[in-house]
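Predicted model, so just to flag it, every value in this text is computed and none were measured. Residue numbers run from 1 in the order of the sequence given.
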Amino acid sequence: VQLVQSGGGSVQPGESLRLSCVVSRFTSNYDVIAWFRQALGKEREGIACINLRYGRIHLAESLKGRFTIYRYGDKNTSYLQMIALKPEDTAVYYCATDQWATCLSTFTPHESEFEYWGQGTQVTVSA
């Protein structure tokens with residue numbers, strides 16, 4: 001299983017970015033994609049997840065209204081749409097999957113539960 005990320009970059013506060021994560025060899029066993037981010041000097045934190053098969057999602061409360069997670073097409077792609085970006089959103093963003101992972105609205109993904117990871121993409125928000 002491979003996860004290929006794209007998107008990211010450097011933007012000014014208030015601007016938008018969209019990250020994508022494509023799961024190769026999508027099967028029913030790997031139908032959950034989680035998104036994490038890690039700011040410099042901080043621990044990696046889970047921010048969102050989606051069940052590609054059923055569309056169930058979780059999004060960190062602090063990000064609601066600015067971030068959206070959704071799937072596309074044949075269900076092997078997840079997007080993380082980010083608007084009104086703030087400097088504190090600056091981090092490396094990762095997607096991950098695992099055959100045993102679940103995604104519920106009350107579920108905060110934890111990195112220890114995911115075996116396969118994307119390569120990470122840098123998001124920098126600064127004036």
Side-chain angles (χ1 to χ4, degrees):
V1 177
Q2 290 185 318
L3 291 83
V4 179
Q5 297 182 230
S6 61
S10 296
V11 297
Q12 295 186 342
E15 294 187 338
S16 302
L17 283 173
R18 188 179 72 171
L19 308 181
S20 66
C21 178
V22 180
V23 182
S24 66
R25 301 182 184 178
F26 171 73
T27 70
S28 61
N29 292 334
Y30 295 91
D31 55 4
V32 171
I33 291 181
W35 287 90
F36 297 79
R37 67 182 182 182
Q38 186 169 22
L40 191 63
K42 295 187 177 181
E43 294 185 352
R44 191 175 299 181
E45 62 170 338
I47 59 174
C49 63
I50 184 167
N51 183 301
L52 296 177
R53 179 173 296 275
Y54 301 110
R56 290 191 296 262
I57 66 169
H58 166 81
L59 186 63
E61 194 67 31
S62 62
L63 300 177
K64 289 181 180 179
R66 297 195 302 118
F67 286 27
T68 305
I69 183 171
Y70 60 98
R71 60 183 177 179
Y72 175 78
D74 293 333
K75 302 183 289 290
N76 69 329
T77 303
S78 170
Y79 291 99
L80 187 67
Q81 178 70 51
M82 308 179 292
I83 67 171
L85 283 162
K86 304 175 180 180
E88 51 263 43
D89 295 317
T90 295
V92 179
Y93 286 71
Y94 299 89
C95 61
T97 190
D98 189 277
Q99 64 176 324
W100 305 112
T102 60
C103 182
L104 302 173
S105 61
T106 57
F107 171 82
T108 299
H110 190 277
E111 61 177 322
S112 64
E113 299 177 79
F114 293 85
E115 180 177 5
Y116 298 99
W117 291 80
Q119 78 274 22
T121 185
Q122 177 70 46
V123 171
T124 302
V125 186
S126 67

Which residues end up grouped with Leu104 if you chain together Ile, Leu, Val, Met, Phe, Trp and Tyr wherever their side-chain heavy atoms are less than 4.5 Å apart?
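In the cluster with Leu104 are Phe107.
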Output yes when a side-chain donor or acceptor of [X] lies under 3.5 Å from a complementary backbone atom of [Y], and no otherwise.
{"X": "Thr68", "Y": "Gln81", "answer": "no"}
{"X": "Arg71", "Y": "Arg53", "answer": "yes"}
{"X": "Thr97", "Y": "Val32", "answer": "yes"}
{"X": "Arg56", "Y": "Asn51", "answer": "no"}

Is it the case that one hydrophobic cluster holds both [X] and [Y], taking links as side-chain heavy atoms less than 4.5 Å apart, direct or via other members?
{"X": "Tyr30", "Y": "Ile57", "value": "yes"}
{"X": "Leu52", "Y": "Tyr116", "value": "yes"}
{"X": "Val22", "Y": "Tyr79", "value": "no"}

Can you find a heavy atom in the side chain of [X] that is under 4.5 Å from one in the side chain of [Y]?
{"X": "Val123", "Y": "Met82", "answer": "yes"}
{"X": "Glu45", "Y": "Arg37", "answer": "yes"}
{"X": "Gln122", "Y": "Thr90", "answer": "yes"}

Which word best sums up how the rings of Trp117 and Phe36 line up, parallel for under 30°, tilted for 30 to 60°, or perpendicular for over 60°?
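Answer is tilted, since the angle falls between 30° and 60°.
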Do the rings of Tyr93 and Phe67 sit parallel, tilted or perpendicular, given the 30° and 60° boundaries?
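Judged by the thresholds at 30° and 60°, the geometry between Tyr93 and Phe67 is tilted.
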Verdict with supporting geometry, Val1 and Val23, side chain to side chain contact (heavy atoms under 4.5 Å, CB included):
CA-CA 7 Å; Val1 177; Val23 182; 4.0 Å; yes
Which donor-acceptor pairs under 3.5 Å do the side chains of residues 10-21 make with protein atoms, sequence neighbours left out?
from	atom 1	to	atom 2	distance (Å)
Glu15	OE1	Gln12	N	3.0
Arg18	NH1	Tyr70	OH	3.3
Ser20	OG	Ser6	OG	2.4

Exceeds 12 heavy-atom contacts within 6.0 angstrom, atom CD of Glu43:
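No, the 6.0 Å shell around CD holds no more than 12 heavy atoms from other groups.
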